[in-house]
Q: 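Let me give you the structure first, and then I'll get to my questions.
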Amino acid sequence: KVQRELKQTGKAARGMGAGVSSAGAAMGGMAAAINPVTAALAIVAVGFIAVVAAAKLTKDAFVGTIKATLKLADELDTITKKAQSIGATNTDLQLVTNAMALFGVESGATLKSLQHFNRQMGKAMLPDAPKLLTDAFDRLGFSAEELSKMPLGERFVALASGLEKYSGAATRGADANEFLGRSSKDALTAFNKGGAAMRAAMDDVGRYGIASEQAFRNAENLVDAQLRLELAFKGLKTDALEPLMPVLEGVIQGMADLLVGMD
């Protein structure tokens with residue numbers, strides 16, 4: 001009985017071996033057939049990944065453009081406010097600050113110098129103007145009134161031309177400090193070059209491009225629109241949440257009363 005069983009098992013094993021062989025051949029044939037499909041799917045997958053990457057790139061570029069636009073609008077609006085604070089045009093302020101930057105003077109230091117010079121011009125035109133200040137304008141060769149009527153760019157050229165004529169560095173430094181305040185040390189690196197160099201620097205800046213007045217108007221309008229949007233959101237939030245305040249007040253007061261009454 002055992003021998004018969006073994007004999008039958010052997011036949012079954014041989015049959016299974018033949019089946020495995022034929023299955024292997026079938027698998028090989030199927031693999032050969034699948035390869036082109038796999039290749040095609042791989043190409044489609046690569047294409048899909050490329051599309052996804054392109055979509056992300058497009059989204060990032062779009063978001064980046066919006067952020068850059070808002071940042072630029074904020075920067076231009078800041079320039080407008082600074083120009084208005086010293087009675088200058090946006091164009092003149094750009095020309096002066098960028099020309100000074102060519103001489104290595106930071107725009108912040110330039111703006112401080114401009115603000116101080118504006119105050120000193122105004123002070124010098126008062127009836128009780130300090131003699132120390134009026135004498136400094138006399139040495140410069142331009143009165144405060146003359147300078148105040150000039151556009152900002154021309155005023156800076158005149159200031160540089162006047163300081164250039166000083167015979168001594170000590171007197172020049174003292175009067176520059178009187179005109180420009182604590183930022184005069186930085187500003188003198190530019191003014192020491194003279195009026196012609198200052199004008200050439202401003203021409204250079206103008207040649208390579210500055211923001212137009214239209215760009216400044218658009219920036220101011222965009223910043224104002226952002227402010228209106230913030231106010232609208234704040235109003236909406238107030239309308240939505242204000243009714244909850246009495247409810248929360250009651251809950252909080254109730255909890256306080258409960259805690260007070262506890263042992």
Q: Is any side-chain heavy atom of Glu164 less than 4.5 Å from a side-chain heavy atom of Arg172?
A: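 In short, these two side chains do not touch, never coming nearer than 4.5 Å.
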Q: Could you grab the distance from atom CG of Leu229 to atom CG of Asp224, nearest 0.5 Å is fine?
A: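 Rounded to the nearest 0.5 Å, the CG-CG separation comes out at 12.5 Å.
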Q: Does a side-chain heavy-atom distance below 4.5 Å link Lys112 with Arg182?
A: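 Side-chain contact under 4.5 Å: no.
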Q: Is there a side-chain contact between Leu133 and Gln120, using heavy atoms and a 4.5 Å cut-off?
A: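 Contact flag for Leu133/Gln120 side chains = yes.
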Q: I'd like to know if Ile66 and Leu72 are part of one continuous hydrophobic network [Ile/Leu/Val/Met/Phe/Trp/Tyr, side-chain heavy atoms within less than 4.5 Å].
A: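 Leu72 does not cluster with Ile66.
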Q: What closest approach, in Å, do Leu93 and Thr97 show between heavy atoms, and which atom pair accounts for it?
A: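 The pair with the smallest heavy-atom distance is O-OG1, 2.7 Å.
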Q: Between atom CD of Gln84 and atom CD of Glu220, what is the distance when rounded to the nearest 0.5 Å?
A: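 Gln84 atom CD to Glu220 atom CD measures 6.0 Å (nearest 0.5 Å).
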Q: Give a yes or no answer on whether the side chain of Thr110 reaches the backbone of Glu106 with a donor-acceptor pair at less than 3.5 Å.
A: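 It does hold such a pair.
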Q: What is the minimum heavy-atom distance between Thr134 and Ala124, and which atoms define it?
A: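 So the minimum-distance heavy-atom pair works out to CG2-O, 4.1 Å.
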Q: Using every non-hydrogen atom in the two residues, find where Tyr166 and Leu140 come nearest and quote the distance to one decimal.
A: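 Closest pair (atom of Tyr166, atom of Leu140, distance): OH-N, 3.5 Å.
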Q: Looking at Ala219 and Leu76, what are the two nearest heavy atoms and their distance?
A: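 So the two residues come closest at CB-CB, 3.6 Å.
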Q: Give a yes or no answer on whether the side chain of Glu154 reaches the backbone of Pro151 with a donor-acceptor pair at less than 3.5 Å.
A: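 Judged by distance alone, no pair lies under 3.5 Å.
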Q: So Phe117 and Leu159, do their side chains get closer than 4.5 Å, heavy atoms only?
A: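 Yes. Closest side-chain heavy atoms under 4.5 Å.
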Q: A quick test of your reading: do over 12 heavy atoms of other residues, nucleotides or ligands sit less than 6.0 Å from CD of Glu145?
A: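 Not buried by this count: 12 neighbours or fewer within 6.0 Å.
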Q: Can you get from Met150 to Phe191 by hopping between Ile, Leu, Val, Met, Phe, Trp and Tyr side chains that sit under 4.5 Å apart?
A: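 In one cluster with Met150: Phe191, yes.
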Q: When hydrophobic residues are tied together by side-chain contacts of less than 4.5 Å, even through go-betweens, does Phe137 share a cluster with Met125?
A: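 Phe137 and Met125: separate clusters.
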Q: Same cluster for Met202 and Ile86 if Ile/Leu/Val/Met/Phe/Trp/Tyr side chains link at under 4.5 Å?
A: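 Yes; tracing contacts between hydrophobic side chains, which count when under 4.5 Å, links both residues.
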Q: Indicate yes or no: at least one non-hydrogen side-chain atom of Asn118 is less than 4.5 angstrom from one of Gln115.
A: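 Counting from C-beta outward, Asn118 and Gln115 never come under 4.5 Å.
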Q: With side chain to side chain contact (heavy atoms under 4.5 Å, CB included) as the test, pick out the partner of Leu152 among Val157, Leu114, Leu95.
A: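 When side chain to side chain contact (heavy atoms under 4.5 Å, CB included) is applied between Leu152 and each of Val157, Leu114, Leu95, only Leu114 qualifies.
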Q: CG of Leu70 to NZ of Lys67: how many Å apart, nearest 0.5 Å?
A: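 NZ of Lys67 is found 10.0 Å from CG of Leu70.
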Q: Can you tell me if Arg199 has over 12 outside heavy atoms packed within less than 6.0 Å of its CZ?
A: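 Atom CZ in Arg199 is not packed in, count stays at 12 or less.
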Q: Is it the case that one hydrophobic cluster holds both Met121 and Phe142, taking links as side-chain heavy atoms less than 4.5 Å apart, direct or via other members?
A: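 Shared cluster, yes.
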Q: Side chains of Asp204 and Arg207: does their closest heavy-atom pair fall under 4.5 Å?
A: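 Yes. Closest side-chain heavy atoms under 4.5 Å.
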Q: Would you please say whether a donor-acceptor pair under 3.5 Å links the side chains of Asn90 and Arg217?
A: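 No, Arg217 and Asn90 have no side-chain donor paired with an acceptor closer than 3.5 Å.
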Q: What pair of heavy atoms forms the shortest contact from His116 to Phe179, and how long is it?
A: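 Looks like CD2-O, 3.1 Å.
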Q: Are Thr91 and Phe216 close enough that some pair of their side-chain heavy atoms sits under 4.5 Å apart?
A: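 They are not in contact (no side-chain heavy atoms under 4.5 Å apart), so the answer is no.
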Q: Write down the atom of Ala73, the atom of Val223, and the distance for their closest heavy-atom approach.
A: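 Minimum heavy-atom contact is O-CG2, 3.8 Å.
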